[in-house]
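We name chains A, B, ... by the order of the sequence lines, and we start the count at 1 in each one.
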2 protein chains.
Amino acid sequence: MTKSKLSVEQCATELKAVIARENRRVTSYDVAQVAGVSQSAVSRCFKPGASVSKATYALVMRAAALLDYIPNAAARSLITRRSNMVALIITNQANLYYPELLAELSQQINARGKRVLLFTLQREADVDCVLADVWQYQVDGVIAAARLSAEHIAEFERRRMPLVLFNRMLRDHSVNTVTCDHDEAGRLLVSRLAAAGHRQFGIIAGDADLSVAYERRRGACERIAELGLPPPVIAPGQYDYRSGALGLKAIIAQLGSVPDAIICGNDLMAIGCLDCARLELDIEVPGQLSVAGFDAVEPSSWIGYNLTTLRQPLPKMAASAADLLCARIAQHDTEIEKRVFSAQFIEGATARLTPAGASITAPARSATGLPLPVAIM
Amino acid sequence: MTKSKLSVEQCATELKAVIARENRRVTSYDVAQVAGVSQSAVSRCFKPGASVSKATYALVMRAAALLDYIPNAAARSLITRRSNMVALIITNQANLYYPELLAELSQQINARGKRVLLFTLQREADVDCVLADVWQYQVDGVIAAARLSAEHIAEFERRRMPLVLFNRMLRDHSVNTVTCDHDEAGRLLVSRLAAAGHRQFGIIAGDADLSVAYERRRGACERIAELGLPPPVIAPGQYDYRSGALGLKAIIAQLGSVPDAIICGNDLMAIGCLDCARLELDIEVPGQLSVAGFDAVEPSSWIGYNLTTLRQPLPKMAASAADLLCARIAQHDTEIEKRVFSAQFIEGATARLTPAGASITAPARSATGLPLPVAIM
DNA sequence: TTGTATGCGTTATCAC
DNA sequence: GTGATAACGCATACAA
């Protein structure tokens, strides 16, 4: 017994030397040779659920350990036609504004036994170069938190590449999507503010190119109209801190006075607006002016801000996206699904609010049919 | 001519139908068939700098386009032993605190013609599982912004896998590293504060496990000692907003009074400290107390904060890491390098400072031999 | 359960 | 410049 083990070790050591000399990789053949079995036996040992005897398995594993053997994923994917890689296409913007998103998606994908091939886009236009790489690298599927054109979507279908869009809706296209109902979020925010007596709204909108920004704004505007309130003053913005101050000043200038409430396309702008109001213009918030944002980024919870905002359930959305994609990878003919999540209202302290549920002129609509989120606190 | 083109198109369409029926991929053989050349010719056409005639190239490219052919990276990497993939191992922490880091690294790696295989670590302990994947996927190299043990490093050497550590020093190990001189940054901060008359320091330290936090603290403490100032009061912290307030209170409690200055392990803690001082304890900053942080995260520049802090040159560091790694991938016997960058001092307005360059008791030391950074403004 | 033989899709080597 | 042929390292159908 001891003698046999020794010889196995010796054999392994010698073989390793040969491999090093020939400057090649350790292969399943090498393991087979040391273990005294066939190459296919080695292959089976690394395939969960294959039929291998205990004895062979032990022999092979011992040899593999001695040789530092690890199966080559490239070779495997060549024959199985599965790379177990998923491409993640994400804009720099998305990554900056939602730093936890990438981690969540990556974690969820890894948890499902797949690896993440990351593509970050500096500009949305870079998507073409990125897609070429996606096709080359034989990923099993793609999650895109970036804007894709109808042509891009068509190419995914043509190549039968599973795709899930994250927070990007593409109307009239049959693509799996996971989104937060930003439209509903905008409506909800207006409803709550209107219920507390706010009448004149200002809106600092995000980049109109972004569907997220567009939907939030549209939801808010529609609800304002439904409630018969005066039309809001809308200032453009670019989702950054600076836009908040600029937007606030623009709104005041156009209106000739301070509005009752300002809705910002995201928290960064809301915080910029807040700082400008309090520190520069000496406007009391929420005394004279209510300010609200979207996203519940970390600084929004700092005691200096305690912002009224809405939070996307990113962890659930990420899990959902991974689920959807993996289901489609496992079975290419699964039905197209569009999963919509509701944002969670965070009362904060930058807006005058009446308790949730207070009746207002018109009932809030839930675009998804899901129950409206309950305000916390 | 027209006739020939037509027949090529017909040929392609028919072949595509066959391929679809057989449910297989488009290969270089298919392209060769349509183009009427050999498979090798097709292969060469997709290799930059190979010797192919203009005519053949045109034929092949036309056929490839008709068939939607893209070379299979898995098959290529099998024979070339180059996957053109680089693994990026990053802790969730690092990603949260430096959201731009990932984008920078990813961009720099892509710019060098390589793809990023992303591995995020929830806990540093997960590194073992991740490394197994790294070996499997035949990446050409690894950039790790996570803690690796000496054993891990040894395995990289054993497998001859190029590695660059990002902001993680491992003393007495020959690994390529790119770091910011956090030690120097800590010293610099103390020097500037001391020059302005601060004597009693408080330090809210980061998790001692993190080398970044450890070095910043050590640099500050050493410099305080060198200058003959009273020993600082040190409170523990965890790199988050909450730790700032807790740390401040702990320091005041232990000292029985407000110190002259508090140095925080990062900006998040500094902002937490600042908010607590101003909003909760009614301490004037910088009137009664100077507060400084590290990292120059976005909120540190908001007008409500305008924090005194130090910025790591992350873009340059990322580029450097990518350079180092790619050099080593191209030539495995390049010398081990340790590149150290200096942090940039941001004066801000949360600390009382005298103009840069004012003389102090002992000269500031540059651990790297590089010139000390010049304060801006 | 095990071994043999074959193919996955590419690049590389060599004649021509 | 071009085409045949042999790897690359693995999984799998099939025979044993």
Side-chain angles (χ1 to χ4, degrees), chain A residues 15 19 22-61 63-64 67-85 135-140 159, chain B residues 15 19 22-61 63-64 67-85 135-140 159:
Chain A
L15 188 52
I19 292 168
E22 294 176 353
N23 194 28
R24 57 182 191 80
R25 289 172 169 154
V26 181
T27 72
S28 50
Y29 283 98
D30 299 318
V31 177
Q33 188 181 323
V34 170
V37 298
S38 75
Q39 180 268 333
S40 45
V42 175
S43 174
R44 277 191 283 265
C45 286
F46 283 91
K47 178 181 175 166
S51 72
V52 198
S53 73
K54 270 271 184 207
T56 320
Y57 183 82
L59 272 173
V60 167
M61 283 312 171
L67 291 173
D68 285 325
Y69 169 75
I70 302 235
N72 181 325
R76 169 183 292 161
S77 79
L78 200 55
I79 184 110
T80 60
R81 292 150 159 234
R82 276 271 137 87
S83 63
N84 283 325
M85 294 195 301
W135 310 137
Q136 277 213 16
Y137 278 81
Q138 310 294 121
V139 299
D140 295 338
R159 298 188 184 271
Chain B
L15 188 52
I19 291 168
E22 294 175 353
N23 195 28
R24 59 183 189 79
R25 289 170 170 158
V26 182
T27 73
S28 49
Y29 281 99
D30 300 318
V31 177
Q33 189 181 321
V34 171
V37 297
S38 74
Q39 183 269 337
S40 335
V42 176
S43 174
R44 277 192 286 265
C45 285
F46 284 91
K47 178 179 174 171
S51 73
V52 198
S53 73
K54 270 270 185 204
T56 318
Y57 184 83
L59 273 173
V60 167
M61 281 314 171
L67 292 173
D68 285 325
Y69 169 76
I70 303 237
N72 182 325
R76 168 184 295 159
S77 78
L78 200 55
I79 185 90
T80 60
R81 293 152 159 228
R82 276 270 137 87
S83 63
N84 283 326
M85 295 195 299
W135 311 138
Q136 276 212 17
Y137 277 81
Q138 310 294 121
V139 298
D140 295 338
R159 297 186 184 275

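- For D/dC10, one of the phosphate oxygens OP1 or OP2 lies less than 4.0 angstrom from a side-chain nitrogen or oxygen of A/S28.
- In this structure, B/I19 places its CD1 atom 12 Å from P of C/dC8, rounding to the nearest Å.
- Remark: C1' of D/dC10 and CZ of A/R82 are 17 Å apart, rounded to the nearest angstrom.
- One interatomic measurement links the two molecules: CZ of A/R24 to P of C/dT11, which rounds to 23 Å at whole-angstrom precision.
- Distances from the side chain of B/Y69 to the nucleotides D/dG9, C/dT10, D/dC10 place C/dT10 closest.
- Nearest heavy atoms, B/L67 versus B/V34: CD1-CG2, 3.8 Å.
- One interatomic measurement links the two molecules: CG of B/N72 to P of C/dG7, which rounds to 18 Å at whole-angstrom precision.
- For B/Y57, the OH atom sits in a loose shell: 12 or fewer heavy atoms of surrounding residues, nucleotides or ligands are nearer than 6.0 Å.
- Taking atom OH of A/Y29 as the reference point, atom P of D/dA11 lies 11 Å away to the nearest angstrom.
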Dump every N/O contact between nucleotides 12-16 of chain D and the protein below 3.5 Å, one line per pair.
residue	atom	partner	partner atom	Å
D/dT12	OP2	A/K47	NZ	2.9

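- For the pair B/T56 and A/P71, both in contact range of DNA chain D, the more 5′-proximal nearest nucleotide belongs to B/T56.
- Ranking D/dA4, D/dC10, C/dG9 by closeness to the B/A75 side chain, first place goes to C/dG9.
- Taking each heavy atom of A/Q136 and B/I70 in turn, the nearest pair found is CG-CG2, 3.3 Å.
- In this structure, the nucleotide among C/dT2, D/dG9, D/dT2 sitting nearest to the side chain of A/T27 is D/dG9.
- Across the protein-nucleic acid pair, A/R25 atom CZ and D/dC10 atom P stand 9 Å apart, rounded to whole Å.
- Heavy-atom minimum distance, A/F46 versus A/P71: CD2-CG, 3.7 Å.
- Minimum heavy-atom separation, B/V26 to B/I19: CG2-CD1, 4.1 Å.
- Comparing C/dG3, D/dG3, D/dG1 by their closest approach to the side chain of A/V37 singles out C/dG3.
- Shown here for B/V60 and B/V31, the closest heavy-atom pair between the two residues is O-CG1, 3.8 Å.
- Whole-Å rounding puts the B/L59 CG to D/dG1 P distance at 16 Å.
- The interatomic distance linking B/R76 (CZ) with C/dC8 (P) rounds to 19 Å, in whole Å.
- Nearest-nucleotide mapping onto DNA chain D: of A/F46 and B/S51, the residue sitting toward the 5' end is B/S51.
- No contact: A/V42 has no heavy atom under 4.0 Å from any strand.
- Shown here for B/S28 and B/Y69, the closest heavy-atom pair between the two residues is N-CE1, 3.4 Å.
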